[in-house]
Undergrad: 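For reference, the structure I am asking about is given below.
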Amino acid sequence: METKINKLSEIEKRNPFTVPEDYFSRFNEHIMARLPEKEIVEPKKVSMWDKAKPWVYMAAMFMGIFFSIQLLTRNTTNQVATISSTQFTDDYWSTVQITEEEFYQYLEEQLVNDGYYDYMYNQVYMN
């Protein structure tokens, strides 16, 4: 049994990938011949109304929203004004008299209880 170590040298040195003659020079012609004919379609004529229709619809929608808000807010403001004027006369807090110092003391106690100072300290100095 004979083994041949240099088998690569015995292989024929040619390019295994071959292309037929003038393949790339006629490539475009072959592709164009295979494609179907494209039909030319005339563009549709769009009327002025068809162009303006979305804008008219949008304007109508905004006018509807505007008038709905006007109607709803007009009725509620009249009712709120009559209710609030009678409430303020009978309200407990309208008769309470506190000084400015008491008010600020109350606010400070609320801030301390809620931990606001700790929160602000952490935001400013820890970050």
Side-chain angles (χ1 to χ4, degrees):
M1 279 190 90
E2 247 181 76
T3 60
K4 295 187 179 183
I5 296 176
N6 293 331
K7 288 194 175 203
L8 283 178
S9 62
E10 295 176 4
I11 295 177
E12 184 180 329
K13 294 185 179 181
R14 68 173 181 88
N15 189 357
F17 305 104
T18 58
V19 178
E21 289 291 323
D22 294 336
Y23 179 76
F24 289 108
S25 64
R26 292 182 290 151
F27 184 72
N28 286 340
E29 295 171 8
H30 287 292
I31 295 294
M32 294 305 285
R34 291 181 184 173
L35 290 176
E37 290 291 324
K38 185 177 181 181
E39 295 180 23
I40 298 174
V41 179
E42 298 259 343
K44 256 178 38 175
K45 292 186 179 181
V46 180
S47 67
M48 184 61 93
W49 171 246
D50 288 336
K51 290 179 183 178
K53 198 183 318 184
W55 295 99
V56 171
Y57 290 161
M58 188 176 4
M61 178 192 65
F62 282 121
M63 292 301 288
I65 291 171
F66 174 75
F67 286 121
S68 298
I69 290 173
Q70 291 295 322
L71 179 69
L72 292 173
T73 57
R74 182 179 44 197
N75 289 341
T76 56
T77 55
N78 292 341
Q79 292 172 356
V80 168
T82 57
I83 291 172
S84 62
S85 63
T86 58
Q87 259 184 341
F88 282 129
T89 58
D90 297 333
D91 196 9
Y92 167 76
W93 291 107
S94 64
T95 60
V96 172
Q97 299 293 325
I98 62 170
T99 63
E100 190 174 342
E101 291 82 22
E102 291 173 335
F103 175 71
Y104 286 125
Q105 182 65 32
Y106 171 75
L107 286 179
E108 186 175 349
E109 288 173 4
Q110 290 298 316
L111 292 175
V112 169
N113 290 342
D114 292 341
Y116 180 74
Y117 291 125
D118 295 335
Y119 172 75
M120 289 305 295
Y121 180 81
N122 289 338
Q123 288 294 320
V124 172
Y125 295 110
M126 297 299 181
N127 288 333

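Not measured: the values here are computed from a predicted model.
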Undergrad: State yes or no: do Tyr23 and Ile31 share one hydrophobic cluster built from I, L, V, M, F, W and Y residues joined by side-chain heavy-atom distances below 4.5 Å, directly or via other members?
TA: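 Looking at the clustering, Ile31 is in the same group as Tyr23.
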Undergrad: Does Met61, at its CE atom, have more than 12 non-hydrogen atoms belonging to other residues, nucleotides or ligands within less than 6.0 Å?
TA: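 Check passes, neighbour count above 12.
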Undergrad: Show the nearest heavy-atom pair for residues Thr73 and Gln70, with the distance to one decimal.
TA: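 Distance-wise, the nearest heavy atoms are OG1-O, 3.4 Å.
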Undergrad: Roughly how far apart are Phe67 CZ and Leu72 CG, rounded to 0.5 Å?
TA: 13.5 Å
Undergrad: Does Trp49 CH2 have over 12 foreign heavy atoms under 6.0 Å away?
TA: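 Yes - once you tally the heavy atoms of other residues, nucleotides and ligands closer than 6.0 Å, there are more than 12.
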Undergrad: Could you state whether Ile98 and Leu107 fall into the same hydrophobic cluster, counting links through intermediate Ile, Leu, Val, Met, Phe, Trp or Tyr residues with side-chain heavy atoms under 4.5 angstrom apart?
TA: yes
Undergrad: Within the supplied structure, the quantity of interest is the number of heavy atoms (other residues, nucleotides, ligands) at a distance under 6.0 Å from Met48 CE; does it exceed 12?
TA: no
Undergrad: Work out which heavy atom in Glu21 is nearest to a heavy atom in Arg26; give both atom names and the distance.
TA: O-NH2, 3.5 Å
Undergrad: Between atom CG of Asn113 and atom CD of Glu108, what is the distance when rounded to the nearest 0.5 Å?
TA: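 Rounded to the nearest 0.5 Å, the CG-CD separation comes to 10.5 Å.
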Undergrad: Find the distance between OG1 (Thr99) and CD (Gln105) and round it off to the nearest 0.5 Å.
TA: 10.0 Å
Undergrad: Under 6.0 Å from the CD atom of Glu100, do we count more than 12 heavy atoms belonging to anything else shown?
TA: no
